[in-house]
**Q** 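Pasting in a structure now, in structure tokens, and then I'll have a few things to ask.
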Amino acid sequence: MALVSSWGRLGRWPHRVLALSDRAAVGRQLAAAAGDGPGIAHGMGRSYGDVCLNPGGALWRTTGLDKFIGFDAAAGRLVCEAGVLLRDIQRLVLPHGWLLPVTPGTQMVTVGGAIANDVHGKNHHRVGSFGDHVRCLRLVRSDGEVIDCGPALRPEWFAATVGGMGLTGVVTEAELQLRPASGPWLVTETVPYRRLDDFFPLADSSERGWEHTVSWIDCLSARGRGLFMRANQADIPYQAGDAAALGRPRSMPFVPPLSLVSGLSLRPFNSAYFHLNRRRAGKAIAHYESYSYPLDNLLEWNRMYGPRGFYQYQSVVPRAVGRDAVRAMLEQIRRSGDGSFLAVLKTFGQRAAPGMMSFPQPGVTLALDFPNHGPRTAALFERLDAVVREAGGRIYPAKDARMPRALFEAGYPRLAEFLQYRDPGVSSALSRRLIGN
Ligand SMILES: Cc1cc2nc3c(=O)[nH]c(=O)nc-3n(C[C@H](O)[C@H](O)[C@H](O)COP(=O)(O)OP(=O)(O)OC[C@H]3O[C@@H](n4cnc5c(N)ncnc54)[C@H](O)[C@@H]3O)c2cc1C
């Protein structure tokens, strides 16, 4: 038994860890371990809550499935094992003129994790989510059965597995369609705004001309000021020394006895951050790694929330009610005095998701980290849940450790259809909490 936690560090629980490293043997390994009870695939554990955990049970660690299988540099198609990191794919394919079309705010996640949560990036309005660029995948069930599927091959299995939270089996390999990229550079622009109302027209106008759009929002300011950030691929060709522009990552060296993030530290920090960036506003050229994944430069930054860990609360609400719902959530957060520097507001595009349980839906998504203050934090989340429920929105399971089952069921209307594809030998703390087994 090994103690395993997820990114929110809300606890460490014993797991019977089975390391997978030979993709041809995964079916045999899972079937042989069936006597240990249900298990769940675990990639880099970058999910914040319990979607990748199975306390007291089996954990199938996939990071040993780390081999590239094939790369067609002319067509931009890559076949790799599911434990390969998005960072390693990007570094491999960039010199050949390609990048991944969709990446989340960290590239330290596995292909399997990106598929199972159908992760989104800052360019959802242009290119959708990760699953939109998976051409096919191999799913191995806990009884050893192998299912190859894709958008045109057993599409129902594909739609269940993309965004399926690992509950349909273990993805061992996938074929990805890459996107052309002349080099690593982005043209970026930061536009400060004073009021939440300014965010929406900025988002609308930016989506037309910019591929990547996202906003930092000061969750404690009364009017909802923020910094709108947008970026496009720069037309600067790749050069072998480009990576030299990147600094060496630093590390959070210890777990402080108390969270470094508190109402007291947050207010002056947010104010300083807003004013500093307001002065620096305008256009710049930035490397995609430092621009798109700034948190990857501070290894183990999740330790700064102290020994009790932290939650992330990410919701999406329909655009028609987005302004009122986001305002109501920010008001609850401001009144509570909690929240964190990491507060992100973004719009999702008008497109159907590739997975039955994919999180992105057309609308506005707000994501915030909260230090774990026990019942006080739980009470705030109940008030935020009420806003999301009223708005007809949903919460992102990849970030969740506590949403009520009724809110999950209301937010994911294809749940009953999805459950037909569930692997009976797979279970997670999240599935038991939200589905009952
Ligand atoms: C700093 C930071 C920023 C983030 N930004 C974003 C963002 O912008 N957008 C976004 O969408 N997400 C974001 N995330 C969340 C993260 O992208 C997802 O949680 C992602 O799924 C984590 O991948 P992982 O490899 O760590 O998988 P894990 O967290 O280990 O597992 C995630 C899920 O995938 C399943 N899984 C893993 N491997 C396999 C496999 N081989 N077969 C089947 N199922 C599998 C697990 O069972 C689990 O259900 C962010 C996370 C962090 C820490």
Side-chain angles (χ1 to χ4, degrees), residues 4-9 15 20-21 23 26 30 38-54 58-66 80-87 102-124 128-131 134 137-142 147 160-174 212 214 292-302 310 312 314 316 342 344 346 348 353 355 357-360 365 367 369 396-401 423 426-431 434:
V4 181
S5 62
S6 65
W7 195 245
R9 302 183 76 259
H15 287 81
L20 308 176
S21 57
R23 69 177 181 276
V26 168
L30 298 187
I40 187 77
H42 184 96
M44 286 293 281
R46 260 16 184 214
S47 299
Y48 285 67
D50 55 2
V51 71
C52 57
L53 297 175
N54 183 23
L59 199 80
W60 303 322
R61 206 182 277 285
T62 62
T63 44
L65 296 170
D66 58 356
C80 67
E81 292 184 345
V84 170
L85 298 185
L86 303 193
R87 178 198 64 187
V102 174
T103 57
T106 169
Q107 46 173 2
M108 300 305 288
V109 305
T110 62
V111 167
I115 292 173
N117 277 327
D118 192 20
V119 299
H120 58 272
K122 301 176 180 72
N123 54 358
H124 182 270
S129 52
F130 196 86
V134 178
L137 60 85
R138 175 159 292 176
L139 180 69
V140 177
R141 306 271 285 175
S142 61
I147 298 175
T161 300
V162 169
M165 300 165 284
L167 298 175
T168 60
V170 176
V171 177
T172 56
E173 61 184 88
H212 304 275
V214 71
S292 306
Y293 322 109
L295 290 170
D296 287 353
N297 272 327
L298 182 59
L299 305 178
E300 303 197 82
W301 60 262
N302 53 346
F310 69 110
Q312 183 166 112
Q314 181 167 5
V316 57
L342 293 164
V344 172
K346 149 130 207 79
F348 284 146
M357 300 296 285
S358 293
F359 167 68
T365 179
D369 289 355
Y396 191 6
K399 310 286 181 76
D400 181 61
D423 185 327
V426 175
S427 178
S428 66
L430 177 137
S431 74
L434 295 178

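Remember, it's 1-based here, ligands and their atoms both numbered in the order they're listed.
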**Q** Among residues two or more places apart or on two chains, list those pairs meeting side-chain hydrogen bond (donor to acceptor under 3.5 Å, both in side chains) that have a residue in residues 38-47.
**A**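 side-chain hydrogen bond (donor to acceptor under 3.5 Å, both in side chains) check on residues 38-47 returns Ser47-Asn117.
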**Q** Would Leu167 and Ile40 count as a side chain to side chain contact (heavy atoms under 4.5 Å, CB included) if you check the C-alpha gap in whole Å, the side-chain angles of each, and the deciding distance to 0.1 Å?
**A** CA-CA 7 Å; Leu167 298 175; Ile40 187 77; 4.0 Å; yes
**Q** For residues Thr365 and Tyr396, is any side-chain donor paired with an opposing acceptor at under 3.5 Å?
**A**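 No, Tyr396 and Thr365 have no side-chain donor paired with an acceptor closer than 3.5 Å.
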**Q** What pairs with Ala160 under side chain to side chain contact (heavy atoms under 4.5 Å, CB included), at least two apart in sequence or on another chain?
**A**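 Here the qualifying residues are Thr168, Met356, Phe418, Tyr421.
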**Q** For ligand 1, would you mind listing the residues that have at least one heavy atom less than 4.0 Å away, ordered by chain and number?
**A**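 Lining ligand 1 at under 4.0 Å, by heavy atoms, one finds Trp7, Ile40, Ala41, His42, Gly43, Met44, Gly45, Arg46, Ser47, Tyr48, Val51, Cys52, Thr62, Ala82, Pro104, Gly105, Thr106, Val109, Thr110, Gly112, Gly113, Ala116, Asn117, Val119, His120, Met165, Gly166, Gly169, Val170, Val171, Leu295, Trp301, Tyr396, Ala398, Lys399.
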**Q** Could you tell me which residues satisfy salt bridge (charged side-chain N to carboxylate O under 4.0 Å, His left out) with Asp50, sequence neighbours excluded, listed by chain and number?
**A**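 Only Arg433 meet the salt bridge (charged side-chain N to carboxylate O under 4.0 Å, His left out) criterion with Asp50.
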**Q** Any sub-3.5 Å donor-acceptor pair from Ser6's side-chain atoms to Gly49's backbone N or O?
**A**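 Side chain of Ser6 to backbone of Gly49, a donor-acceptor pair under 3.5 Å: yes, one is there.
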